[in-house]
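What follows is a single structure, written as structure tokens, with notes after it.
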Amino acid sequence: MLIGLPFLAYLLLVLLFRRVEPSWRYAIFSAAVAWGVLLTAMTEGLSFFLAVTTGLIAILWTSVNLG
């Protein structure tokens, strides 16, 4: 179940960028860049506080999906 949260976030980002720009290529590329930035920011933020745990990562991805 938890493995699906990042993939759901990517899918939602693709759909969000698809509404902004009519090109699917632009939407997929922009979503990949945004997803990578989110992944890096969350991982670095958690590692700064030595708090990289499964629970906190799940909470962050869930909040991204709800946002």
Side-chain angles (χ1 to χ4, degrees):
M1 176 62 187
L2 295 178
I3 193 72
L5 290 174
F7 295 116
L8 178 62
Y10 179 72
L11 176 66
L12 292 173
L13 283 170
V14 169
L15 294 175
L16 176 72
F17 283 112
R18 179 73 170 120
R19 292 181 65 190
V20 175
E21 183 70 31
S23 170
W24 276 103
R25 281 187 240 168
Y26 177 81
I28 291 171
F29 178 74
S30 298
V33 171
W35 190 85
V37 168
L38 282 170
L39 176 69
T40 303
M42 288 190 299
T43 305
E44 292 296 326
L46 287 176
S47 68
F48 181 75
F49 297 108
L50 301 174
V52 179
T53 62
T54 305
L56 287 176
I57 291 172
I59 289 170
L60 286 175
W61 278 116
T62 303
S63 65
V64 167
N65 289 334
L66 293 176

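Numbers for residues simply follow the sequence, beginning at 1.
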Linking I/L/V/M/F/W/Y whenever their side-chain heavy atoms sit closer than 4.5 Å, directly or via other members, would [X] and [Y] fall into one cluster?
{"X": "Phe29", "Y": "Trp24", "result": "no"}
{"X": "Phe7", "Y": "Leu11", "result": "no"}
{"X": "Ile59", "Y": "Leu38", "result": "yes"}
{"X": "Leu2", "Y": "Tyr10", "result": "yes"}

Might you point out which heavy atoms bring Leu5 and Ala58 nearest each other, and give the distance in Å?
CD1-O, 3.8 Å
Search all heavy atoms of Phe17 against all heavy atoms of Ala34 and return the closest pair with its distance.
CE1-CB, 4.0 Å
Contact between Leu12 and Leu8 at the side-chain level, heavy atoms closer than 4.5 Å - yes or no?
yes
Nearest-0.5 Å distance, CG of residue Leu46 to OG1 of residue Thr53
7.0 Å
OH of Tyr26 to CD1 of Ile28: how many Å apart, nearest 0.5 Å?
13.0 Å
Name the one of Val64, Val52, Ile57 that satisfies side-chain contact (heavy atoms from CB on, under 4.5 Å) with Met42?
Val64
Checking Leu39, Val37, Val33 against Trp35 for side-chain contact (heavy atoms from CB on, under 4.5 Å), the one that qualifies is Leu39
